[in-house]
J.: 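Before we start, here is the structure in question, set down as structure tokens.
Throughout, protein chains are lettered first and strands after them, A, B, ... in sequence-line order, and every chain is numbered starting at 1. Everything numeric here is computed off the predicted structure, so don't read it as measured data.
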Protein chains: 2
Amino acid sequence: MKNRNTIQGALILEKVKNLKGHACAEEIYEAVTHEHPNISKATVYRNLNRLSEQGQIHKIEVPGSPDNFEFRTVLHYHVKCERCGRIFDVDMPYNHHLEDHIANKHGFIFTGHDIIFKGFCPDCQKDLHKKHNY
Amino acid sequence: MKNRNTIQGALILEKVKNLKGHACAEEIYEAVTHEHPNISKATVYRNLNRLSEQGQIHKIEVPGSPDNFEFRTVLHYHVKCERCGRIFDVDMPYNHHLEDHIANKHGFIFTGHDIIFKGFCPDCQKDLHKKHNY
DNA sequence: CTGACTGCAAACTCTTTGCAAACCA
DNA sequence: TGGTTTGCAAAGAGTTTGCAGTCAG
């Protein structure tokens, strides 16, 4: 039940730590591949999930997009571009007490929340302007 | 480009309207099957997506769960049980101006947001109490 | 030694798509 | 008729899982 130190696990954690923002499993897989070409994608998924269960990294689940992972100390929200599907950070303080405002909890135990904003990123705004095909 | 009135489309819209809460495509497919046994799942998906694009119904996208659909007039939020994965409505007023509080919009155009709370539903709390296997 | 971890491939879930036939206007 | 919609099956994306071999403690 306890962790073993494997090269793969260490590399994956390191890659996520060195990310500026977030990346999906595929991107992390590619980054690790450079140093450890034989790694399997299943191992990347297993390590990412293990690390996020242990709270060492954070998994951002966004519908319709692959899961993203990031190493962070401060919780924050994300926005998904409705056109290109990319995920960006949102510059808004995390509200730790949002669930306190729920009127009738119906016996639910609330453990947290995610907010996913929708919108159009600058790149896609340019494209839409040009192409008028939306 | 304009809609045709098909039996399938009418049945699907009716089923969603008659839902008390939300249901996923699979559940709607099963409901429609009772009256129209030959319907294909692809048709259900196509109609649900069409209806939600036209704003006649609303699609709730939740990471890790199948998309849910509902007929509603008032926007609201949802909570996903971390154990059974079911989706429930949350008793909290929708904040239409949440995106106004974003400090630096980085050129993004925000069009809306979803909040997905996490927690444990009453049923699963009972189970956890009993089984202690979480 | 022994259980945890790995690599590989296959399985899985949910959803979309290609295509010919059926259908509505 | 002519463009939509349907049913079917196959494809697709992302992720998980079964299994035998490998490795850390």
Side-chain angles (χ1 to χ4, degrees), chain A residues 1-16 22-54 56-69 80 82 84-87 116, chain B residues 1-16 22-54 56-69 80 82 84-87 116:
Chain A
M1 208 37 72
K2 58 178 167 302
N3 264 6
R4 291 196 172 174
N5 293 333
T6 61
I7 295 186
Q8 293 90 338
L11 272 175
I12 289 165
L13 177 54
E14 186 204 310
K15 289 300 174 199
V16 178
H22 21 68
C24 64
E26 179 69 35
E27 292 163 333
I28 294 160
Y29 168 73
E30 274 162 30
V32 175
T33 292
H34 293 150
E35 295 171 40
H36 198 88
N38 285 4
I39 199 169
S40 136
K41 209 171 278 188
T43 298
V44 175
Y45 276 102
R46 279 187 284 231
N47 275 283
L48 288 172
N49 283 334
R50 193 175 12 249
L51 289 167
S52 83
E53 272 165 29
Q54 296 171 349
Q56 299 196 55
I57 65 176
H58 195 262
K59 182 197 256 191
I60 315 164
E61 299 180 295
V62 181
S65 303
D67 291 348
N68 272 244
F69 297 88
K80 176 179 181 181
E82 295 194 59
C84 67
R86 284 185 296 167
I87 308 300
I116 307 203
Chain B
M1 204 40 71
K2 59 179 167 300
N3 261 8
R4 288 196 174 174
N5 293 335
T6 61
I7 295 185
Q8 293 89 338
L11 272 174
I12 289 165
L13 177 55
E14 186 204 310
K15 289 300 174 199
V16 179
H22 20 67
C24 63
E26 180 69 36
E27 291 163 333
I28 294 161
Y29 167 72
E30 275 162 29
V32 175
T33 292
H34 292 151
E35 296 172 40
H36 197 87
N38 286 3
I39 198 169
S40 139
K41 209 171 278 186
T43 298
V44 175
Y45 275 103
R46 280 186 284 231
N47 276 283
L48 289 172
N49 283 335
R50 199 184 356 258
L51 289 166
S52 82
E53 273 164 30
Q54 296 171 347
Q56 299 197 55
I57 65 177
H58 196 260
K59 182 196 255 189
I60 314 163
E61 300 180 292
V62 182
S65 303
D67 291 347
N68 272 244
F69 296 87
K80 176 179 180 182
E82 297 193 59
C84 66
R86 284 185 296 168
I87 308 300
I116 307 208

J.: Which atom pairs, donor and acceptor, lie under 3.5 Å between side-chain atoms of residues 5-12 of chain B and protein residues at least two apart or in another chain?
T.:
residue, atom, partner, partner atom, Å
Thr6(B), OG1, Gly9(B), N, 3.1

J.: May I have the distance from Gln8(A) (atom CD) to dT6(C) (atom P), rounded to whole angstrom?
T.: 5 Å
J.: Mind checking side chain to side chain donor-acceptor pair (under 3.5 Å) for Asn49(A) and listing every partner two or more places apart, or none if nothing turns up?
T.: Lys59(A)
J.: Go along nucleotides 10-21 of chain C 5' to 3' and tag each nucleotide: B for a protein heavy atom under 4.0 Å from its base, S when only backbone or sugar atoms are that close, - otherwise.
T.: ----SBBBB---
J.: Roughly how many Å is it from NE2 in His36(A) to P in dC5(C), rounded to a whole number?
T.: 15 Å
J.: Going by side chain to side chain donor-acceptor pair (under 3.5 Å), name the residues that satisfy it together with Ser52(A), two or more places apart in sequence or in a different chain.
T.: none
J.: Rounding to a whole Å, what distance do you find between Ile39(B):CD1 and dA22(C):C1'?
T.: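 Distance, rounded to whole Å: 14 Å.
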J.: What are the two closest heavy atoms between Pro63(A) and Pro63(B), and how far apart are they?
T.: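 Scanning both residues completely, I find the closest heavy atoms to be CD-CD, 3.7 Å.
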J.: Closer than 4.0 Å, any side-chain N/O of Ser40(A) to the OP1 or OP2 of dT6(C)?
T.: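 For dT6(C), OP1/OP2 do not have a side-chain N/O of Ser40(A) under 4.0 Å.
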J.: Looking at residues at least two apart in the chain, or sitting in another chain, which of them share a side chain to side chain contact (heavy atoms under 4.5 Å, CB included) with Arg50(B)?
T.: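 For Arg50(B), the residues satisfying side chain to side chain contact (heavy atoms under 4.5 Å, CB included) (neighbours in sequence not counted) are Asn3(B), Asn47(B), Gln54(B).
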J.: Quick one: Leu48(A) CG to dC5(C) P, roughly how many Å, whole number?
T.: 14 Å
J.: Go through the structure and list residues passing side chain to side chain contact (heavy atoms under 4.5 Å, CB included) with Ala42(B), not counting sequence neighbours.
T.: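 Result, side chain to side chain contact (heavy atoms under 4.5 Å, CB included) vs Ala42(B): Ser40(B), Arg46(B).
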J.: With side-chain contact (heavy atoms from CB on, under 4.5 Å) as the test, would you mind laying out the steps for Ile60(B) and Ile116(B) before giving the verdict?
T.: CA-CA 10 Å; Ile60(B) 314 163; Ile116(B) 307 208; 5.7 Å; no
J.: Enumerate, atom names and distances included, each donor-acceptor pair closer than 3.5 Å involving a side-chain atom of residues 26-36 of chain A, sequence neighbours excluded.
T.:
residue, atom, partner, partner atom, Å
Glu26(A), OE1, Lys41(A), NZ, 2.7
Glu27(A), OE1, Cys24(A), N, 2.9
Thr33(A), OG1, Tyr29(A), O, 2.7
Glu35(A), OE2, Lys15(A), NZ, 2.6

J.: When you measure from the side-chain N and O atoms of Arg50(A) to the phosphate of dA4(C), is any distance below 4.0 Å, counting only OP1 and OP2?
T.: no
J.: Whole angstrom is fine here: how far is it from CD in Glu27(A) over to P in dA13(D)?
T.: 16 Å
J.: Under 3.5 Å, which protein N or O atoms sit close to an N or O of nucleotides 22-25 of chain D? Give each pair with its distance.
T.:
residue, atom, partner, partner atom, Å
dC23(D), O2, Arg4(A), NH1, 3.4
dA24(D), N3, Arg4(A), NH1, 3.2

